[in-house]
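First up is the structure itself, then whatever we jot down about it.
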Amino acid sequence: MSCDERSSAEEDQWHSPTLHMDGAENRPLLEGASSRRRLRTISSSSAEATLMNYYPEDPDFSSIVRAAEAAIENGVNPQIISQGSSGSYFVKKMSGEIVAVFKPRNEEPYAIMNPKWTKWLQKKCCPCCFGRGCLLSNVGYLSEAGASIVDSHFELGIVPKTRVVWLSAETFHYSALERAESKTKRQLVNHFPEKLGKRLNPDLPLKVGSFQLFVNSYAAASLMLRKFEENPLPDTVNEQFQKEFEKLVVLDYIIRNTDRGTDNWLIKYDIADVGALKRSPKPDDSDSDSEDSEDWSVVKHGNVKIAAIDNGLAFPFKHPDEWRAYPYHWAWTSMAQKPFSDDIRSQILPKLSDEDSIESLVRDLQRVFKTDKHYSASQFDQQMAVMRGQIANLRRALEEQKSPWELVQLPLLTIDVKHQDPDARSKRRSFIQSIQLKAPFFSCC
């Protein structure tokens, strides 16, 4: 079996079918009688479809989603997050503990159901700066899930697990018409449960969005970096922090994150633990003073971790070339001046140099991106052309032992897949590399 045939077979095996409906978003039809999610009727004239958030390869994630659904059904609704420019919500379980952050597709910054007015005001007052011309509209939830896929592929361990999930809750932003329709259906079902109970679904419409697991005990990088300046980290911890930072660089550069400031990545620092160990007395110390039995302290090195959240403005279909450059703000830190460590080079370079590994990553991303109702194969190819160019630059930087700062100075590449004759004997893909020469008007923002 050829490489392309095997890739097609894998995609057919793992890609979930989608249901296309007028006025509705594509919804995955996932089979599984063991799932606890209740059946939902899409319309009175259509066949029954089971809509489930079910991940057989990840039972832990499935159980968290089911716990969140059970909490919503029992009145523990998601809580809107006041920060940010879009509708995003803290999702809780029955105890009220936050377990995830949910970002619905139709409440993204430029979506019609965004409950916050800042982007509406920007669109009205400054339309020339509205949106980011290098990004596809209203697919930030896919970008969030895609960043998690890249993180898993390269075993970075800095992106909290994120998947595409369907949820419905009273606290989400719905139109007055949707709420009125739901209320009317609920009244009819209550009055005629036997006749209409199985035909009408009184719930508010499901919303598709990114579901990112919540991380505890982390603080904004802007705050933690100031603390580290005032109280420098021990050498061993600082070395660990440098490696975590380099993982963030690898992630952001591959996905071409256009929105990485110090307010949307987090740091967790477990301070060194000082434990007391009583010195064991010697035989000739029996009559010694109490000072001789003083405690000796043993110091356990601290631990520092980074969490890369807010990855919704990544995977552009072209490099920024209009008004703004959307630079990587971490490039101006002192850590970015140091060459990539040997540990990161040995971890990342083998996969960057393996063409089959990169194409496997592309297929994993495509399986998720294809679930969007506005998915375009040509636009996805453009996104992957940018990503392949970023990967080529990153591979060069690691091979030549450059620093993150030197990495971002490399020419901007796009690598497109060259169309082949289907009758050609060789099934190996060939690529066309190009360099972007056009620069945005502002390079510092």
Side-chain angles (χ1 to χ4, degrees), residues 78-92 96-103 109 116 118-119 140 143-144 147-148 151 156-162 210 212-253 255 257-274 299-314 324 326-338 341 344 403-405 408 444-445:
Q79 174 188 348
I80 191 168
I81 302 173
S82 58
Q83 296 90 349
S85 58
S86 64
S88 52
Y89 301 84
F90 288 131
V91 180
K92 306 176 182 180
E97 177 188 352
I98 298 173
V99 295
V101 172
F102 182 66
K103 298 180 180 180
K116 298 175 182 176
T118 52
K119 291 301 177 183
S143 180
E144 296 273 7
S148 184
D151 175 89
L156 300 175
I158 62 172
V159 178
K161 185 169 290 185
T162 312
S210 62
Q212 184 175 88
L213 299 186
F214 187 74
V215 291
N216 293 294
S217 304
Y218 282 76
S222 56
L223 172 64
M224 297 301 294
L225 291 176
R226 286 197 299 268
K227 288 186 175 182
F228 294 161
E229 289 179 1
E230 297 171 359
N231 300 291
L233 296 170
D235 291 342
T236 54
V237 181
N238 193 55
E239 183 179 346
Q240 182 189 15
F241 185 43
Q242 178 69 26
K243 293 177 184 177
E244 288 287 297
F245 171 77
E246 290 173 13
K247 291 178 182 179
L248 177 69
V249 171
V250 169
L251 172 76
D252 281 349
Y253 196 81
I255 67 177
N257 197 333
T258 67
D259 183 38
R260 178 68 76 204
T262 54
D263 58 341
N264 54 16
W265 56 287
L266 309 176
I267 300 174
K268 178 182 179 181
Y269 178 39
D270 295 325
I271 301 176
D273 180 29
V274 180
V299 178
K300 296 181 179 179
H301 294 302
N303 185 56
V304 63
K305 290 286 294 180
I306 284 177
I309 61 171
D310 289 343
N311 303 299
L313 296 176
R324 298 171 59 190
Y326 308 111
Y328 309 96
H329 291 278
W330 42 251
W332 298 315
T333 65
S334 59
M335 294 179 291
Q337 310 302 318
K338 301 177 182 179
S341 64
I344 294 300
S403 66
W405 168 253
V408 301
C444 59
C445 64

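Values reported hereafter were calculated over all heavy atoms of this structure, with side chains retained and with hydrogens, waters and symmetry mates removed.
Distance check, rounded to the nearest 0.5 Å: OG of Ser88 to CD of Gln212 gives 10.5 Å. Ile267 contributes atom CD1, which lies 14.0 Å from atom OG of Ser217 (distance to the nearest 0.5 angstrom). Rounding to the nearest 0.5 Å gives a distance of 8.5 Å between CG of Asp263 and NE2 of His329. Note that CD of Gln240 is 4.5 Å distant from CG of Asn303, once rounded to the nearest 0.5 Å. Atom CD1 of residue Ile306 and atom CE of residue Met224 lie 10.5 Å apart, to the nearest 0.5 angstrom. With values rounded to the nearest 0.5 angstrom, Leu223 atom CG is found 15.0 Å from Tyr218 atom OH.
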task: Evaluate the criterion side-chain contact (heavy atoms from CB on, under 4.5 Å) for residue pair Glu97 and Phe214; output intermediate values, then yes/no.
output: CA-CA 10 Å; Glu97 177 188 352; Phe214 187 74; over 6 Å; no
field: Check against salt bridge (Lys or Arg N to Asp or Glu O under 4.0 Å), Arg226 and Glu229
entry: CA-CA 5 Å; Arg226 286 197 299 268; Glu229 289 179 1; over 6 Å; no
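Using a distance-only test at 3.5 Å, with no hydrogens or angles considered, a donor-acceptor pair links the side chain of Glu246 to the main chain of Ser341. With hydrogens and angles ignored, the 3.5 Å screen pairs a side-chain donor or acceptor of Lys116 with a backbone N or O of Gln83. With Thr262 contributing its side chain and Ala221 its backbone, the two residues share no donor-acceptor pair below 3.5 Å. Looking at Gln337, its side chain never comes within 3.5 Å of a backbone N or O of Trp405 through a donor-acceptor pair.
Among all heavy-atom pairs drawn from Leu251 and Ala147, the shortest one is CD1-O, 3.7 Å. Taking each heavy atom of Ala336 and Ala331 in turn, the nearest pair found is CB-O, 3.5 Å.
Enclosure of atom CG in Asp235 is not indicated, since only 12 or fewer non-hydrogen atoms of other residues, nucleotides or ligands lie within 6.0 angstrom. For CD of Glu239, the number of neighbouring non-hydrogen atoms (other residues, nucleotides, ligands) closer than 6.0 Å is 12 at most.
Under the 4.5 Å side-chain criterion, counting only non-hydrogen atoms from C-beta, Tyr89 is not in contact with Val101. At a threshold of 4.5 Å between non-hydrogen side-chain atoms, the residues Lys268 and Val215 do not count as touching. Proximity of Glu244 to Ile158: side-chain heavy atoms (C-beta onward) are separated by under 4.5 Å at one or more points. Inter-residue side-chain proximity for Asn311 and Asp151 is flagged as unmet; no heavy-atom pair is nearer than 4.5 Å. Looking only at side-chain heavy atoms (C-beta outward), Phe228 and Asn231 stay at 4.5 Å or farther from each other. Looking at Pro160 and Ile309, their side chains come closer than 4.5 Å, going by heavy atoms from C-beta outward.
Between Phe245 and Trp330, the two ring planes are perpendicular [angle over 60°; tilted spans 30° to 60°]. Tyr328 and Tyr253 have tilted rings, their planes meeting at an angle from 30° to 60° on a 0 to 90° scale.
By the side-chain hydrogen bond (donor to acceptor under 3.5 Å, both in side chains) test, Glu144 is found to be paired with Lys103, residues two or more places apart in sequence or in another chain being considered.
A side chain to side chain donor-acceptor pair (under 3.5 Å) with Asn257 is found for exactly one of Asp252, Asp310, Asn264, namely Asp252.
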